[in-house]
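Written below as structure tokens is the structure these notes are about.
Worth knowing before you read on, the calculation uses all heavy atoms, side chains too, and leaves out hydrogens, waters and symmetry mates. Positions are given from 1 along the sequence.
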Amino acid sequence: MKKIVLLCSAGMSTSMLVKKMRAAAADEGFECSIDAFPMNEAASKAADADVVLLGPQVSFNLGKVKEQLPGKHVDAIEMRMYGRLDGKGVLALAKKMMGL
């Protein structure tokens, strides 16, 4: 099972996006865990993740997170996709990052 972690400023602003992503994964029959955490928990909560995605509000931390999690697939969610709560699109991004 793949693990997708979203990072945001407080761990709560992405909760709606996580729900949409989980629904999209269920629709596709894609088994994965998707959770959101505050940025300051990146090292501990995302250490075993397959993909780490940063919300636009914390995207300035992209370099720092890549340093904390060497070898992990890390990227920022585009503002438009995030704003639309495009769970299907963000899930597709995560799958693409994993080569699926």
Side-chain angles (χ1 to χ4, degrees):
M1 181 180 328
K2 299 295 184 183
K3 180 177 179 178
I4 302 169
V5 169
L6 280 65
L7 298 173
C8 62
S9 56
M12 298 174 93
S13 61
T14 55
S15 63
M16 287 299 296
L17 180 57
V18 166
K19 288 178 185 175
K20 298 263 188 174
M21 289 176 69
R22 288 176 179 162
D27 288 347
E28 295 177 17
F30 180 62
E31 289 190 30
C32 64
S33 68
I34 306 170
D35 294 292
F37 300 101
M39 186 63 221
N40 62 358
E41 295 183 23
S44 62
K45 299 292 186 180
D48 61 345
D50 295 289
V51 170
V52 179
L53 295 168
L54 281 68
Q57 70 276 34
V58 295
S59 62
F60 63 92
N61 288 301
L62 186 60
K64 178 182 173 183
V65 174
K66 285 183 175 185
E67 285 179 19
Q68 287 179 332
L69 303 168
K72 297 287 178 195
H73 300 290
V74 180
D75 205 348
I77 302 168
E78 185 220 50
M79 177 64 92
R80 173 178 262 158
M81 195 178 291
Y82 186 88
R84 290 182 178 171
L85 294 175
D86 183 0
K88 186 175 182 177
V90 177
L91 180 64
L93 170 65
K95 290 172 75 174
K96 182 178 178 183
M97 291 170 64
M98 291 183 273
L100 303 175

Do other residues, nucleotides or ligands put more than 12 heavy atoms under 6.0 Å from Met98 CE?
yes

Could you tell me if the side chain of Thr14 sits less than 4.5 Å from the side chain of Leu53, heavy atoms only?
no

Does any non-hydrogen side-chain atom of Asp75 lie less than 4.5 Å from one of Leu62?
yes

On a heavy-atom basis, the closest approach of Leu69 and Ala46 is CD1-CB, 3.7 Å

Shortest non-hydrogen pair, Ala94 vs Ile4, comes out as CB-CD1, 3.8 Å

Are Leu17 and Met79 connected in a single hydrophobic cluster, I mean Ile/Leu/Val/Met/Phe/Trp/Tyr linked by side-chain heavy atoms less than 4.5 Å apart?
no

Should Lys66 and Val52 count as side-chain neighbours, where that means a heavy-atom distance under 4.5 Å?
no

Would you say Ile77 and Asp86 make side-chain contact, with heavy atoms under 4.5 Å?
no

I need the Lys20 NZ to Leu91 CG distance, nearest 0.5 Å.
14.0 Å

Pair Asp35 + Arg22: basic N to acidic O under 4.0 Å:
yes

Heavy-atom check, side chain of Leu100 versus side chain of Lys2, under 4.5 Å:
yes

A side-chain contact here means heavy atoms from C-beta on lying under 4.5 Å apart; do Phe37 and Leu7 qualify?
yes

Taking C-beta and beyond as the side chain, do Met21 and Leu6 meet within less than 4.5 Å on heavy atoms?
yes

Minimum heavy-atom distance between Pro38 and Ser9, given as atom pair plus value
CB-O, 4.1 Å

Take atom NZ of Lys3 as the centre, draw a 6.0 Å sphere, and report whether it contains more than 12 heavy atoms from other residues, nucleotides or ligands.
yes

Determine the minimum heavy-atom distance between Arg80 and Glu78, stating which atoms define it.
CB-OE1, 3.1 Å

Closest heavy-atom pair, Asp48 versus Lys45, reported as atoms and distance to 0.1 Å, is OD1-O, 3.9 Å

Which heavy-atom pair separates Gln57 from Cys8 by the least distance, and what is that distance?
NE2-CB, 3.2 Å

